[in-house]
Structure formats: structure tokens, C-alpha cells
Amino acid sequence: MQKISPTFFQIISTDYLAQNYFVMIFAGWVIYFIDALFEGNFTFFLLIFAAICTPIGLMAFFWRYRLIVSTFENGIEIPGQVTEIHTLSTGKKRKDFIIHYQYHLNGQMFQYRNRVKQKSFAKALREGQQVTLLAHEKTPHIAFIKEMYLEAL
């Protein structure tokens, strides 16, 4: 039986780190070209900034993306419990959630926290709620809430 893994867009729309690393790939170039448009010339410092941000963003995004996909493909489902939820306002009507949860894997208790974007599943979570997590035995200290990443866009 093939395990279901979140799509590229589900990861980008759910995971705070993945989204920001993805933006980092392009942000330096956007700033560079906008500055050139308004200033009338290109700024060497911004060119260097963009040239540095792009590979760092690519590597960081690829790492986070592979971590999530690998955990869904090769991880095991385990029960977990939400212990805390913090809401962060990020602008007009937009919020992020920092969700803390705990779980047992291989006889050990782990705690993990994950910052996610506002989605209906995240908004419905409550402290003390039981959730289905996916964790990889090679990285047992990292787990993802299954339903949150597989939620339809």
C-alpha cells in the first residue's frame, strides 16, 4: 500500500519554514530589480545579496521539503497530543499557529513544535486534542500532524 504524501503546494501552503525558504529563493532578485526600477541603476550590493540568498534558499527549501516528504513516505503513524497552541498575527486577517505536541516513539517521549500557516485544520485544533502524527524512526524527534499537511487547498 502506497503512503500518501503532501503535494508541493500543500507543503508550501502549510509549513511556515518551507514557505519562507521558498520565498527566499526569489526575494533577493525581486528586491534587486525593484531597486533598479526605482533608482534607475543596479546596485552591486543587492546583486551579491540576491546571489547569496538564492542558493541558500534552494538548499534550505530542498532540505525542509525532503524532510516532510520523507517522513510521510517512510515514517510511521503514531498518536500524539496537542499540548499548546500559540496564535501569531501576521497581517490582515492572517494568522500563523505554533502547535506544540507530544508523542511516544520507541519507548521514549518526544515533544515537537511546528509553526504552520492558517488553515481550517489548524484553526480547529485544541489543547489536549489527540492527533495522528507521522514520525520517521531515523529522526524520532521530528513529527508532523498528518491531517494538517494533507488538507485540501
Side-chain angles (χ1 to χ4, degrees), residues 1-32 34 46 48-153:
M1 182 175 158
Q2 184 177 357
K3 293 187 178 182
I4 297 174
S5 185
T7 66
F8 175 84
F9 293 109
Q10 285 172 314
I11 291 172
I12 293 288
S13 69
T14 301
D15 194 76
Y16 174 82
L17 285 176
Q19 186 180 75
N20 284 300
Y21 292 149
F22 184 74
V23 168
M24 187 177 173
I25 297 168
F26 306 102
W29 296 106
V30 170
I31 293 168
Y32 174 70
I34 288 175
L46 290 177
I48 298 300
F49 175 73
I52 291 171
C53 282
T54 298
I56 292 172
L58 275 169
M59 288 186 297
F61 174 73
F62 183 74
W63 164 78
R64 184 69 177 181
Y65 179 81
R66 285 302 314 148
L67 174 67
I68 294 167
V69 170
S70 174
T71 301
F72 273 78
E73 289 176 350
N74 304 311
I76 56 172
E77 283 189 19
I78 54 174
Q81 182 177 21
V82 175
T83 56
E84 289 179 61
I85 300 172
H86 299 283
T87 304
L88 303 169
S89 184
T90 60
K92 289 184 177 180
K93 299 181 184 179
R94 291 184 13 194
K95 296 178 181 172
D96 286 353
F97 297 97
I98 299 176
I99 302 169
H100 298 251
Y101 38 93
Q102 63 186 20
Y103 54 97
H104 288 86
L105 184 59
N106 297 329
Q108 262 188 299
M109 177 142 112
F110 293 95
Q111 295 181 358
Y112 190 68
R113 74 170 181 223
N114 195 12
R115 184 170 176 176
V116 295
K117 307 309 283 177
Q118 179 176 329
K119 294 180 85 173
S120 59
F121 188 85
K123 287 191 281 188
L125 282 176
R126 299 290 174 248
E127 290 182 10
Q129 181 176 339
Q130 295 293 316
V131 290
T132 301
L133 303 173
L134 282 158
H136 197 293
E137 293 187 87
K138 292 181 182 177
T139 53
H141 60 284
I142 299 172
F144 299 102
I145 299 175
K146 180 181 178 181
E147 294 85 359
M148 190 173 322
Y149 282 82
L150 296 177
E151 184 175 4
L153 296 176

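Only heavy atoms go into these numbers, but all of them, side chains included; no hydrogens, no water, no symmetry mates.
- Side chain of Gln19 to backbone of Ile12: a donor-acceptor contact under 3.5 angstrom is found.
- For the pair Ser5 and Gln10, the tightest heavy-atom approach, listed with the atom from each and the gap, is O-OE1, 4.4 Å.
- Side-chain contact check for Thr132 versus Glu147: some heavy-atom pair is nearer than 4.5 Å.
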Side chain to side chain contact (heavy atoms under 4.5 Å, CB included) between Ile142 and Asn114: does it pass, once the steps are laid out? CA-CA 9 Å; Ile142 299 172; Asn114 195 12; over 6 Å; no

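- Leu58 CG to Tyr21 OH: the interatomic distance, rounded to the nearest 0.5 Å, is 13.0 Å.
- Put simply, the side chain of Phe22 does not reach to within 4.5 Å of the side chain of Ile11, judged on heavy atoms.
- Side-chain atoms of Thr83 come within 3.5 Å of backbone atoms of His100 as a donor-acceptor pair (strictly under, hydrogens ignored).
- No side-chain donor-acceptor contact under 3.5 Å links Glu127 to the backbone of Glu84.
- With a 4.5 Å cut-off on side-chain heavy atoms, His136 and Ser70 count as touching.
- Among Ile68, Leu150, Val116, Ile145, the one residue that satisfies the side-chain contact (heavy atoms from CB on, under 4.5 Å) test with Thr14 is Val116.
- Counted within 6.0 Å of CZ on Phe62, heavy atoms from surrounding residues, nucleotides or ligands total 12 or fewer; the atom is thus considered open.
- Remark: aromatic rings of Phe97 and Phe121 are distant, center separation not under 6.0 Å.
- Taking OG1 from Thr54 and CZ from Phe49, the interatomic distance works out to 9.5 Å, rounded to the nearest 0.5 Å.
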Mind running side chain to side chain contact (heavy atoms under 4.5 Å, CB included) on Val131 and Leu133 for me, showing each step along the way? CA-CA 6 Å; Val131 290; Leu133 303 173; 3.8 Å; yes

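- Closest of all the heavy-atom pairs between Ile78 and His104 is CD1-O, 4.1 Å.
- Other residues, nucleotides and ligands contribute more than 12 heavy atoms inside 6.0 Å of the OH atom of Tyr103.
- Leu67 has its side chain within reach of Phe144: a pair of non-hydrogen atoms, C-beta onward, lies under 4.5 Å apart.
- Separation of atoms CG (Asp96) and OG1 (Thr87) is listed at 9.5 Å; rounding is to 0.5 Å.
- Nearest heavy-atom pair, Ile31 versus Leu46, reported as atom, atom and distance to 0.1 Å: CG2-CD2, 4.0 Å.
- Of all non-hydrogen atoms in Ala143 and Tyr101, the two that sit nearest each other are O-OH, 2.6 Å.
- By the 4.5 Å heavy-atom criterion applied to side chains, His86 and Arg115 are not counted as neighbours.
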Step by step, would you call Met148 with Ile99 a side chain to side chain contact (heavy atoms under 4.5 Å, CB included)? CA-CA 11 Å; Met148 190 173 322; Ile99 302 169; 3.4 Å; yes

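- In this structure, the side chains of His141 and Phe110 come closer than 4.5 Å at one or more pairs of heavy atoms.
- Side-chain atoms of Gln118 and Lys123, non-hydrogen and from C-beta on, do get closer than 4.5 Å to each other.
- Contact of the Phe72 side chain with the Lys146 side chain is registered, since non-hydrogen atoms from C-beta on lie closer than 4.5 Å.
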